[in-house]
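Reviewing the structure listed below.
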Amino acid sequence: MSVEIKTTTVETLRNTFSHTRRRFGDKVATRYQEASFDLESATNFHYRPLWQPDKLLNDQTRTSVVMADWGTVTDPRQYYYGAYVQARAKMQENAEHDYAFCEKRNMLAGLDAQSLEHISSLLLPLRHAELGANMNNSNIAADGFGTSLTQMHMFHAMDRLGIAQYLSRIGLMLDDGDVLLLAKAKQQWLNDPAWQGLRRYVEDTLVVRDWFELTLAQNLISDGLVYPLLFHKFDDQLSASGAGQVGMLTEFMRLWFAESQRWVDALVKTVINESPENKTRVEGWIDYWSLRAVHALRPLAARVPGDAALDEVCSEFAARLKKIGLTGVAP
């Protein structure tokens, strides 16, 4: 008895969905392409939003920046929901290990009074700024155009909520589970003269209506100055003074910032390369908000890590802007 096995090859009629075929050609699309491009409705709406009747639900004119195709904005990390969740789960697993290690060994108990005061007055109030960043990025995700752009800001919004929670956990660990330090940090955010510049910066950004101006003010400028100052320069000084164990609890923030600035830079570079008008408008916004951000950070830097550290951060930020392609812009 013989068994003859025949194989049949089935040729696919289509390699991908229509929306990815129109943009990328009739070839197998990546998961990122399938989940990120040409998904939002752009025509044939049944009604205009009651809260903004001069706009469509998805309207490119919510920013004065003009792009022929917002689909040219891409994420260099290639994050769609699945890839983003997997990446953050890995980062969170590492962070949870560090927090558990510090708690198990009671590593924060050995902090001297000065280091404890600096951490309480410089890091803990920052959680309120992070909640402002969460709100700003949520607004950008609501008003922006193009899934490849809005999903980056929505992921960013969730990251800021997580960072605020990590800062809150640091306060709880420093206070043996009590909330007195967090309550004190809230009062510092509300009343301490050193924090009022940054607080006003955050509150003013909450009412910026042009979403691209808002992403510059928040994700490029504020983050580009605050994170190097308070999570790098300040951490270096803590390590030099014998409080390096705190760096284990803020490592998530440093890794996150190094990753997030990649898509922020790519977004800005794509927009300014679209037209000279876009570049001129972006440079004007950066001039305005960077001066405000530096002014807001001066009183905080005067405590620790110092004015020289802030000047160094400003120089690094200016070099970053130059690399993007922005000229004549410096804090």
Side-chain angles (χ1 to χ4, degrees), residues 17-20 22-23 32-75 79-82 84-85 128-162 164 199-223 260 263-264 266-268 270-272 274-275 277-282 284-286 288-289 292:
F17 298 104
S18 296
H19 67 285
T20 53
R22 286 191 294 268
R23 180 173 289 276
Y32 172 70
Q33 291 172 339
E34 289 178 350
S36 305
F37 295 94
D38 302 319
L39 299 178
E40 66 286 332
S41 299
T43 57
N44 302 326
F45 294 108
H46 291 285
Y47 59 90
R48 289 177 178 268
L50 297 177
W51 64 91
Q52 207 173 24
D54 60 319
K55 305 292 184 184
L56 298 173
L57 286 175
N58 295 324
D59 200 316
Q60 299 187 44
T61 63
R62 285 192 172 93
T63 176
S64 57
V65 165
V66 178
M67 296 286 290
D69 178 15
W70 280 104
T72 57
V73 174
T74 60
D75 187 345
Y79 277 179
Y80 61 98
Y81 181 76
Y84 164 76
V85 169
H128 299 283
E130 289 299 315
L131 290 175
N134 167 264
M135 296 174 66
N136 281 336
N137 279 283
S138 296
N139 285 335
I140 297 167
D143 288 346
F145 188 87
T147 305
S148 62
L149 181 142
T150 57
Q151 70 180 358
M152 290 190 290
H153 288 90
M154 197 67 246
F155 298 155
H156 212 56
M158 294 299 100
D159 289 340
R160 310 312 288 266
L161 183 60
R199 178 188 167 200
R200 181 175 181 180
Y201 186 100
V202 171
E203 292 178 354
D204 284 352
T205 59
L206 292 175
V207 294
V208 172
R209 294 273 36 100
D210 189 304
W211 63 261
F212 197 84
E213 179 184 2
L214 181 55
T215 198
L216 293 175
Q218 176 64 67
N219 299 321
L220 177 66
I221 298 165
S222 178
D223 294 351
S260 65
W263 74 260
V264 175
L267 169 62
V268 176
T270 300
V271 167
I272 65 174
E274 176 78 4
S275 68
E277 292 78 13
N278 280 356
K279 185 175 182 180
T280 300
R281 186 171 287 108
V282 166
W285 283 332
I286 293 177
Y288 173 74
W289 288 105
R292 287 198 56 181

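- Atom-to-atom distance recorded for Leu220:CG and Ser260:OG is 10.5 Å, nearest 0.5 angstrom.
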Q. Run the side-chain contact (heavy atoms from CB on, under 4.5 Å) check on Asn134 and Met158 step by step: do they pass?
A. CA-CA 7 Å; Asn134 167 264; Met158 294 299 100; 3.8 Å; yes
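- The OH atom of Tyr79 sits 12.0 Å away from the CD atom of Gln151 when rounded to the nearest 0.5 Å.
- With hydrogens and angles ignored, the 3.5 Å screen pairs a side-chain donor or acceptor of Ser148 with a backbone N or O of Val73.
- The distance from atom CZ of Arg62 to atom CD1 of Ile140, rounded to the nearest 0.5 Å, is 13.5 Å.
- Residues meeting the ring-ring contact (aromatic ring centres under 6.0 Å, His included) test with Tyr80, sequence neighbours left out: none.
- Distance check, rounded to the nearest 0.5 Å: CZ of Phe37 to CG of Leu149 gives 10.5 Å.
- Glu274 is linked by a salt bridge (Lys or Arg N to Asp or Glu O under 4.0 Å) to nothing, counting only residues two or more places apart in sequence or in another chain.
- Distance CH2/Trp70 to CZ/Phe212: 5.5 Å, rounded to 0.5 Å.
- You'll find the side chain of Asp223 reaches within 4.5 Å of the side chain of Arg160, heavy atoms only.
- Side chain of Tyr32 to main chain of Asp75: a donor-acceptor pair is present (N/O by atom type, distance under 3.5 Å, no hydrogens or angles).
- Residues forming a side chain to side chain contact (heavy atoms under 4.5 Å, CB included) with Ser41 (at least two apart in sequence, or on another chain): Phe45, Asn58.
- The ring-ring contact (aromatic ring centres under 6.0 Å, His included) check on Trp263 picks up His153, His156, with sequence neighbours excluded.
- Partners of Thr20 under the side chain to side chain donor-acceptor pair (under 3.5 Å) rule, at least two apart in sequence or in another chain, are Thr16.
- Side chain of Thr205 to main chain of Val202: a donor-acceptor pair is present (N/O by atom type, distance under 3.5 Å, no hydrogens or angles).
- Between the CG atom in Leu216 and the CH2 atom in Trp285 there is a gap of 7.0 Å [rounded to 0.5 Å].
- For Ser18, the side chain to side chain contact (heavy atoms under 4.5 Å, CB included) partners are Arg14, Arg21, Arg22, not counting sequence neighbours.
- For CE of Met135, the number of neighbouring non-hydrogen atoms (other residues, nucleotides, ligands) closer than 6.0 Å is 12 at most.
- Closest heavy-atom contact between Ser64 and Arg281: OG-CD, 3.0 Å.
- Listed by chain and residue number, Lys55, Asp59 satisfy the side chain to side chain donor-acceptor pair (under 3.5 Å) test with Thr61 (two or more places apart in sequence, or in another chain).
- A salt bridge (charged side-chain N to carboxylate O under 4.0 Å, His left out) check over residues 203-222, counting only residues at least two apart or in different chains, returns the pairs Asp143-Arg209, Arg199-Glu203, Arg200-Asp204, Asp204-Arg292.
- Considering only residues two or more places apart in sequence or on other chains, Asn139 meets the side chain to side chain donor-acceptor pair (under 3.5 Å) condition with none of them.
- In this view, Tyr84 and Phe155 satisfy the ring-ring contact (aromatic ring centres under 6.0 Å, His included) rule, not counting sequence neighbours.
- Remark: Asn137 engages Asn219 in a side chain to side chain donor-acceptor pair (under 3.5 Å) (not counting sequence neighbours).
- Each salt bridge (charged side-chain N to carboxylate O under 4.0 Å, His left out) pair with one or both residues in residues 36-47, not counting sequence neighbours, appears once here: Arg23-Asp38.
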